[in-house]
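For reference, the structure is listed below as structure tokens.
A, B, ... follow the sequence lines: proteins, then strands. Residue 1 opens every chain. Computation of the quantities below employed the complete heavy-atom set of this structure, encompassing side-chain atoms and omitting hydrogens, waters and symmetry-equivalent molecules. Remember, predicted model here, so these are calculated numbers, not experimental data.
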Number of protein chains: 2
Amino acid sequence: MSSADPAATPSPATDGRPVGINEVAAHAGVSAATVSNVLNRPERVAEGTRRRVEGAIAELDYVRNSSGSNLRSGRSDSIGLVVHDVTNPFFTEVARGVQDAAADEGRAVVLLNSDEQAAWQSRSLRLLAEQRAAGAVVMPIDDDMADLLWLRKRDTPWVVLDRGDVGEDLGCSVTVDNHAGGLAAGRHLIGLGHDRVTFVSGPLGIEQCARRLDGLRAACEEGGLDPDRAVRVVEAAQLNPRSGEQAVEEILAGGPRRRPQAAFCANDQLALGVLKGLGERGLRVPGDLSVVGYDDVDVAGLVHPGLTTVAQPKYELGRAAMRLLHSELADADHRHQRLRFEPELVVRGSTAPATTHPTL
Amino acid sequence: MSSADPAATPSPATDGRPVGINEVAAHAGVSAATVSNVLNRPERVAEGTRRRVEGAIAELDYVRNSSGSNLRSGRSDSIGLVVHDVTNPFFTEVARGVQDAAADEGRAVVLLNSDEQAAWQSRSLRLLAEQRAAGAVVMPIDDDMADLLWLRKRDTPWVVLDRGDVGEDLGCSVTVDNHAGGLAAGRHLIGLGHDRVTFVSGPLGIEQCARRLDGLRAACEEGGLDPDRAVRVVEAAQLNPRSGEQAVEEILAGGPRRRPQAAFCANDQLALGVLKGLGERGLRVPGDLSVVGYDDVDVAGLVHPGLTTVAQPKYELGRAAMRLLHSELADADHRHQRLRFEPELVVRGSTAPATTHPTL
DNA sequence: CGCCGATATTAAAACGTGTCAATAAAATAA
DNA sequence: TTATTTTATTGACACGTTTTAATATCGGCG
């Protein structure tokens, strides 16, 4: 414990040269190899010497230089996490899960943003390759696996997050069933009597959005509605509140009589923007329009009315990804696997039964 | 550019042994030193050989091993960022600023959570010491500088974020004037005629909270009110929405007739929780109670009513911190400095003039 | 007494890179 | 031509660690 409290020792590090394993060895009257053993396999060294070495470590305030050990072992022990944007609360929850799980193993996490741009994703993975990262947890920006294949060829294993179409032989993946999520949201809306729903999508190239839409359409068919008539799609530029706000204009484009009864947003961030935009135009939620989001970020439960949304186990997603990565790093007989979580509909105040004759 | 696109080359990395600077040298018919020069000081190597080496690099799909170079140089080139909690949107904005600025210099950022616990902060800094991080940006959990002093003694420079009481000789700091923020909020409320304000604080040990409270009290005196009568303090357990929600009970504890006219929260997160708690008890904002937050996180503008709050230049905070750190790393004649930003009051719908006779 | 196995310790050799001093080659000056 | 400077290249070492194979120590057993 004394070495855990950095300030406890007077730190004679001002001896001039930095203190390494050799200085410790000299100070303890022992060889460098023994010091290394104390650090890595304490059971192999006799009680007495071990204590002497530990004393020297504390007294000299020695802290291991991981560059050295990484060089020797050919691998760093930190892991990379590549997300679209740290600023998005969905990702931060996931990140937190990854970090906590990594911390359990004493690993540091290098956090990189791809900004949903291929070039940045490449740069990030390249950086991890340079660092010889132990592994990576990646949320790919699209289904082009070239970068990831390249990384794996360099013996850096990874786990793909939130993207299902990874060949099982390439690596593990952790996903949430987006189709099921869309389906649940759709059933809920249709159950409330809505038959004109606008899907506020992010860029349609994003697989998650497409699948959620699929789910919504499936719910229509299930409910005896023609998806092509019941569902209209509005594509927002980005998955953030501002884009949601801007999308409102398009949602209402058809004039009051063609106004949809509900908006299902690909994202809570979008949904929050939509809520705001509707409010500014004097439309009431859920009176005039029901709104459903996706993710169940913290604030979804804080706004008024509370946002009905499809919850994803964000933190668990991150933890699970890290767990799989750990398995691949530690278990000799590791087999890649796809882990799929089920989303869960959380009903709050932003959805209500359709009024038979909407306010005209 | 060809080497920037990882997948472009067929990658003969399957030659058995990993390809290092030596393999490249051999393949280009040149010495290892020359390859190193091509990588680090291209101007010192002749046009022809340089191209030959670059060809070999591309062909062998070589990527530098930073363990090696870090070991040699005694320093890693990545920088550490220690925040309280990635999950808090305030920190993510700051983090984004740091990351972007770091990316400009090609540096990676190791993100660590301290969870506001001394032990975790120590662990984080220790980890950075092990990595021989180039530097760190730290939001300290309290005013105990022992950890940071220790780190600096190990030649790892840092910039302190959001905490003003750092001796100028120890290192740079970037802060926002919390007193001014509290003052601005206080003036606003008093200007609206409120004379019973509850300050919803986080743990009072946190300097930021204390200063903001000071500012509020100063505003009272300025307005001819006795701070001890006009301001009541409620201490929430943590700076998150849940704590805010729980604090509502205490805010209203005095019964309807002693109900405050306004709540000034140390944090937007707290404020959001307070808004929710009030809503659930049927109280209207701002009709029955005005609410002010602090930080101006994204959602502050999205909830209804919009949250009046004290905005901090979060992203700029992060960028500035990284810029100072860079200066310390690069400029030989660096002098530590304190950078102080001014907060700005953003008035939205959650505050309104006091009713002369509150709803009784 | 000599031998054995077990236990503790260590010398030495990597790992991949950057830098310094030294050499080779070429260009310029004399 | 030779002497001198400039320009390109290189050999060799150091950085701090881990690991392998070898050595030293010791108690016990034949």
Report the distance from atom [atom1] of [X] to atom [atom2] of [N], rounded to the nearest whole Å.
X	N	atom1	atom2	value
B/Asn70	C/dT17	CG	P	11 Å
A/Asn37	C/dT9	CG	P	9 Å
B/Asn22	C/dG18	CG	C1'	12 Å
A/Arg75	C/dG16	CZ	P	12 Å
A/Arg50	C/dT9	CZ	C1'	15 Å
B/Leu71	C/dG18	CG	C1'	10 Å
A/Glu130	C/dC15	CD	P	21 Å
B/Asn40	C/dT17	CG	C1'	9 Å

**OP:** For A/Ser73, answer base if it contacts any base atom (sugar-phosphate contacts may also be present), sugar-phosphate if it contacts only those atoms, and nothing otherwise; contact means non-hydrogen atoms under 4.0 Å.
**Re:** nothing
**OP:** Identify whether any heavy atom of B/Gly20 sits under 4.0 Å from a base atom; if not, whether one sits that close to sugar-phosphate; answer base, sugar-phosphate or nothing.
**Re:** sugar-phosphate
Subject >> Check: A/Ser73 side chain, A/Ser69 main-chain N or O, donor-acceptor pair, under 3.5 Å >> reply: yes
Salt-bridged, [X] to [Y], with N to O below 4.0 Å?
X	Y	result
B/Glu328	B/Arg152	yes
B/Asp61	A/Arg154	yes
B/Glu316	B/Arg319	no
A/Arg107	A/Glu105	yes
A/Asp155	A/Arg75	no

Original post:
When you check the side-chain N and O atoms of A/Ser114 and A/His84, is any donor under 3.5 Å from an acceptor?
Top reply: no
Protein and nucleotides 5-8 of chain C: nitrogen or oxygen contacts under 3.5 angstrom:
none

**OP:** Kindly point out which of C/dA14, C/dT17, C/dT9 is positioned nearest to the side chain of A/Arg72?
**Re:** C/dA14
Original post:
Would the number of heavy atoms belonging to other residues, nucleotides or ligands and lying under 6.0 Å from CZ of A/Arg44 be above 12?
Top reply: no
**OP:** Kindly indicate whether the side chain of B/Phe91, heavy atoms from C-beta on, has any atom under 4.5 Å from the side chain of B/Leu111.
**Re:** no
Original post:
Does B/Val30 or A/Ser69 map to a spot on DNA chain D nearer the 5' end, using the closest nucleotide for each?
Top reply: B/Val30
Original post:
From the 5' end of DNA chain D to its 3' end, which nucleotides mark the outer limits of contact with chain A, defined by a 4.0 Å heavy-atom distance cut-off (strictly under)?
Top reply: D/dG16 to D/dT19
